[in-house]
Amino acid sequence: MSTVFEGYERQYCELSANLSKKCTVAASLDGEQKKQKVSEVKTGIDEAEALIRKMDLEARSLQPNVKAVVLAKLREYKSDLNNIKSEVKKIVAGNLNPSARDELLESSMVYVVTASADQRERLMASTERLNKSGDRIEESRRTMFETEDLGVSILQDLHAQRQSLLHANNTLHGVDDNVGKSKKILSNISRRMSRNKWIITTIVIVLVLVIASILYFKLSK
């Protein structure tokens, strides 16, 4: 059901009930008071006809499976408005005798009670649909908030994991720096050992030559 149509429907039901009450009051009045009340009813009828035209336009834009139900309701409202127009014609007809006036008042009261009951049922049904829609909206809002909380929790976890990865990356950079320094130290040690080896070898060779020379001079004498 179209929410736009339901809005027009509520307005019409309220206006129809008000017009029915005004017809009942007008039937019991005389003179200027009666004319004033009839004028108010006619103005209300114009408003009701405008609402019916709006409902008709809205109904024709609906889906076929919904349109049939809405048009049936619209026919009821048109019939209802025609009944009100008939009541106004009877009131405007003029000099009613007491028995005719009592009959008109009685029929008007019956009509008002019946119309009010139907309108109350329709309004209650509309209210129930609105309440259900409100519950669905509230449930959707609750789900949205829960999803938002879950999203925030996930973002917080991702942020914590990112911090951990950054810390691990920094630690790896520190290890790489230490490894580079260690390699430099080992390279220096290796170079020193090579240099010391050549120095020791040179010293040994010199000592061997010196010893050989001494032995040679001693043996030659």
Side-chain angles (χ1 to χ4, degrees), residues 1-138 140-141:
M1 184 70 68
S2 168
T3 54
V4 176
F5 184 89
E6 289 179 351
Y8 293 147
E9 184 181 24
R10 282 195 298 272
Q11 292 179 45
Y12 177 81
C13 290
E14 293 173 0
L15 182 57
S16 175
N18 190 28
L19 289 175
S20 298
K21 292 176 183 177
K22 286 183 177 181
C23 285
T24 303
V25 173
S28 63
L29 297 175
D30 291 313
E32 290 299 323
Q33 290 181 338
K34 180 177 181 180
K35 290 181 181 180
Q36 182 179 356
K37 189 60 67 175
V38 168
S39 177
E40 291 177 5
V41 173
K42 287 182 178 180
T43 302
I45 288 174
D46 292 338
E47 294 177 6
E49 287 179 337
L51 285 172
I52 285 179
R53 285 195 295 271
K54 290 179 181 178
M55 284 191 283
D56 192 14
L57 288 174
E58 181 65 21
R60 296 182 188 282
S61 66
L62 299 176
Q63 296 296 326
N65 58 336
V66 181
K67 184 189 294 185
V69 178
V70 172
L71 289 176
K73 295 176 71 173
L74 193 56
R75 284 192 293 271
E76 292 180 8
Y77 295 143
K78 289 179 180 179
S79 176
D80 172 72
L81 186 58
N82 287 332
N83 290 334
I84 294 175
K85 289 179 181 179
S86 298
E87 293 295 329
V88 173
K89 287 180 181 179
K90 291 179 183 179
I91 295 169
V92 175
N95 300 320
L96 295 174
N97 56 47
S99 61
R101 177 176 294 182
D102 292 340
E103 181 181 354
L104 177 59
L105 286 173
E106 183 178 355
S107 62
S108 297
M109 288 301 296
V110 171
Y111 173 75
V112 168
V113 172
T114 304
S116 297
D118 292 340
Q119 289 154 6
R120 278 198 301 270
E121 290 178 0
R122 292 190 184 114
L123 288 174
M124 287 176 65
S126 299
T127 302
E128 185 177 355
R129 284 194 296 271
L130 288 174
N131 288 336
K132 288 181 180 179
S133 299
D135 292 340
R136 286 195 295 270
I137 292 172
E138 187 63 29
S140 299
R141 288 182 60 192

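These values consider heavy atoms only, across backbone and side chains, with no hydrogens, waters or symmetry-generated copies.
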Correct closest heavy-atom pair for Ala59 and Leu71 would be CB-CD2, 3.8 Å
Are Tyr8 and Ile52 side-chain neighbours, meaning at least one heavy-atom pair lies under 4.5 Å? no
Could you give the distance from CG (Leu19) to CD (Glu14), rounded to the nearest 0.5 Å? 12.0 Å
Between the side chain of Asn82 and the main-chain N/O of Lys78, is any donor-acceptor distance below 3.5 Å? yes
Can you give me the closest heavy-atom contact between Cys23 and Glu87, atom names plus distance? SG-CB, 4.3 Å
For Asp56, is there an ion pair with Arg60 - N to carboxylate O distance below 4.0 angstrom? yes
Looking at every non-hydrogen atom in both residues, tell me the closest pair between Val69 and Asn65 and how far apart they are. CG2-O, 4.2 Å
Point-to-point distance, once rounded to the nearest 0.5 Å, from NZ of Lys42 to NZ of Lys35: 11.0 Å
When rounded to the nearest 0.5 angstrom, what distance separates CZ in Phe5 from NZ in Lys73? 6.0 Å
Note: Val38 and Ala26 closest approach over all heavy atoms is CG2-CB, 4.3 Å
Within this structure, what is the CD1-NZ distance for the pair Ile84 and Lys89, rounded to the nearest 0.5 Å? 13.5 Å
Is Lys85 paired with Glu49 through a side-chain N to carboxylate O contact shorter than 4.0 Å? yes
Minimum heavy-atom separation for Leu81 to Ala48, with atom names? CD1-CB, 3.7 Å
Is there side-chain contact between Val25 and Lys21, with at least one heavy-atom pair below 4.5 Å? no
Is there a donor-acceptor pair under 3.5 Å between the side chain of Thr43 and the backbone N or O of Ser39? yes
Gap separating the CG atom of Asp80 from the CG atom of Leu74, nearest 0.5 angstrom: 11.5 Å
Does any part of the side chain of Tyr77, heavy atoms only, come nearer than 4.5 Å to the side chain of Glu9, both counted from C-beta? yes
Return yes if some donor-acceptor pair links the side-chain N/O of Ser79 with the main-chain N/O of Arg75 below 3.5 Å, else return no. no
Salt bridge present between Lys37 and Glu40 (N-O < 4.0 angstrom): yes
dist Leu29:CG -> Lys22:NZ (nearest 0.5 Å) comes out at 12.5 Å
